[in-house]
2 protein chains.
Amino acid sequence: MPNQSVVLDSVFQALADPTRRAVLERLGSGPAPVSSLAEPFDMALPSFLQHMKMLEGCGLVRSQKTGRVRTYELAPATLQAAEDWMAKQRSMWERRLDQLEAYLKETESDQ
Amino acid sequence: MPNQSVVLDSVFQALADPTRRAVLERLGSGPAPVSSLAEPFDMALPSFLQHMKMLEGCGLVRSQKTGRVRTYELAPATLQAAEDWMAKQRSMWERRLDQLEAYLKETESDQ
DNA sequence: TCAATACTTAGGTCAACACCTAAGTATTGC
DNA sequence: GCAATACTTAGGTGTTGACCTAAGTATTGA
């Protein structure tokens, strides 16, 4: 299995948490500092920062520090990798859906 | 946060493993029994079945047992939930990309 | 300069995950 | 009816994830 797989592992892992998905949604409207991102969540700062580290570790966001403020932003390139996998799967699933549906019709009736 | 979130948690969690993604890809070409699905993986059967339970638990696949053979199939409805979230995010990200790009141009140059 | 601000590091708990082996149970087919 | 087949259950190990508190470090501003 190629290296690509490792990227997808960590990207989907990152997307598997509601806090992190909410952060990504928030970053969709522009860069923001840690304190502002953390504010909506009832969580200790170090706990929140672990989420940010995971998002940054898999490349979904990046950050830079100016003075004592760290600002996070989306990193579109990595979002694209997850996008691409989903799109590939989607088209595959759609292509197969006809034959699948025929099968499902059979099995649905005996459930 | 709504219940919808819980579904996405488990769906993305399921997609975060290469074995499970490979199984989904394989099931794209039609239903298959456990032994056939497990065959490509160098893994003890009980370990493999844990993956299948996770896929079934979050609703990405379903199964039925006939005689001693359990057959798995894709469950398109749940795939759709993940699809929908990605599509929503995608359109949001795309809508924001212009203003984001302007910002990235600034920050990229000082890195 | 020194207190407040904005993270950051260290370290600890508890649950979930990803594996394993060993020993079941339920069908099938000779 | 009994061995082979196809899972299934039980139970154990090591790692990672998601939280916490406490105690740092680095800036900023009065």
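Residue numbering restarts at 1 for every chain, and letters A, B, ... go by the order of the sequence lines. The figures that follow rest on heavy atoms only: side chains count, while hydrogens, waters and symmetry mates do not.
The CE-P distance, from B:M52 to C:dC17, rounds to 16 Å in whole Å. At whole-Å resolution of the value, CE in B:M43 and P in C:dC17 are 15 Å apart. Here D:dT16 presents its P atom at 14 Å from CG of B:D17, a figure rounded to the nearest Å. B:M54 has its CE atom 11 Å from the P atom of C:dA16, to the nearest Å. Residue B:L45 contributes atom CG, which lies 13 Å from atom C1' of C:dC20 at whole-angstrom precision. Distance, B:F48 CZ to C:dT21 P: 17 Å, rounded to whole Å. Remark: P of D:dA18 and CG of A:L55 are 10 Å apart, rounded to the nearest angstrom.
Of all heavy-atom pairs between A:A75 and A:G59, the closest is CB-O, 3.2 Å.
A residue-by-residue look at A:P33 and B:D42 shows that A:P33 has its nearest nucleotide of DNA chain C further toward the 5' end. Comparing A:Q13 and A:V69 against DNA chain C, the residue whose closest nucleotide sits nearer the 5' end is A:V69.
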Protein-nucleotides 25-28 of chain D N/O pairs under 3.5 Å:
{"residue": "D:dT27", "atom": "O2", "partner": "A:R68", "partner atom": "NH1", "Å": "2.9"}

Output one line per pair: protein atom, nucleotide atom from nucleotides 9-13 of chain C, and distance, for all N/O pairs under 3.5 Å.
none

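When the side-chain nitrogen and oxygen atoms of B:S47 are compared with OP1 and OP2 of C:dA18, none of them lie within a distance under 4.0 Å. Remark: B:H51 is in phosphate contact with C:dC19, judged by side-chain N or O atoms under 4.0 Å from OP1 or OP2.
Defining each end axis of the helix from C:dT1-D:dA30 to C:dC30-D:dG1 as the rotation carrying four pairs' C1' atoms onto the next four, with five pairs an end, the two axes are found to diverge by 10° to 10 degrees.
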Which donor-acceptor pairs under 3.5 Å do side chains of residues 32-54 of chain A form with protein atoms, sequence neighbours excluded?
{"residue": "A:S36", "atom": "OG", "partner": "A:R26", "partner atom": "NH2", "Å": "3.3"}
{"residue": "A:H51", "atom": "ND1", "partner": "A:R20", "partner atom": "NH1", "Å": "3.1"}

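Among the nucleotides C:dT8, C:dC17, D:dT8, the one closest to any side-chain atom of A:R70 is C:dT8. The side chain of B:R20 lies closest to C:dA18 when the candidates are C:dC20, C:dA18, D:dT8.
Applying the side-chain hydrogen bond (donor to acceptor under 3.5 Å, both in side chains) rule to A:E56 yields the partners A:S63; only residues at least two apart in sequence or on another chain are considered. In this structure, the salt bridge (charged side-chain N to carboxylate O under 4.0 Å, His left out) partners of B:R21, at least two apart in sequence or on a different chain, are A:D9.
Rounded to the nearest 0.5 Å, atoms CG (B:L15) and CG (B:L55) are 8.0 Å apart.
Note on B:S35: only backbone sugar-phosphate atoms sit closer than 4.0 angstrom, heavy atoms only; bases stay farther off.
Under the 4.5 Å side-chain heavy-atom criterion for Ile, Leu, Val, Met, Phe, Trp and Tyr, A:V69 and A:V61 are members of distinct hydrophobic clusters.
The side-chain heavy atoms of A:T66 and A:T71, taken from C-beta on, include no pair separated by under 4.5 Å.
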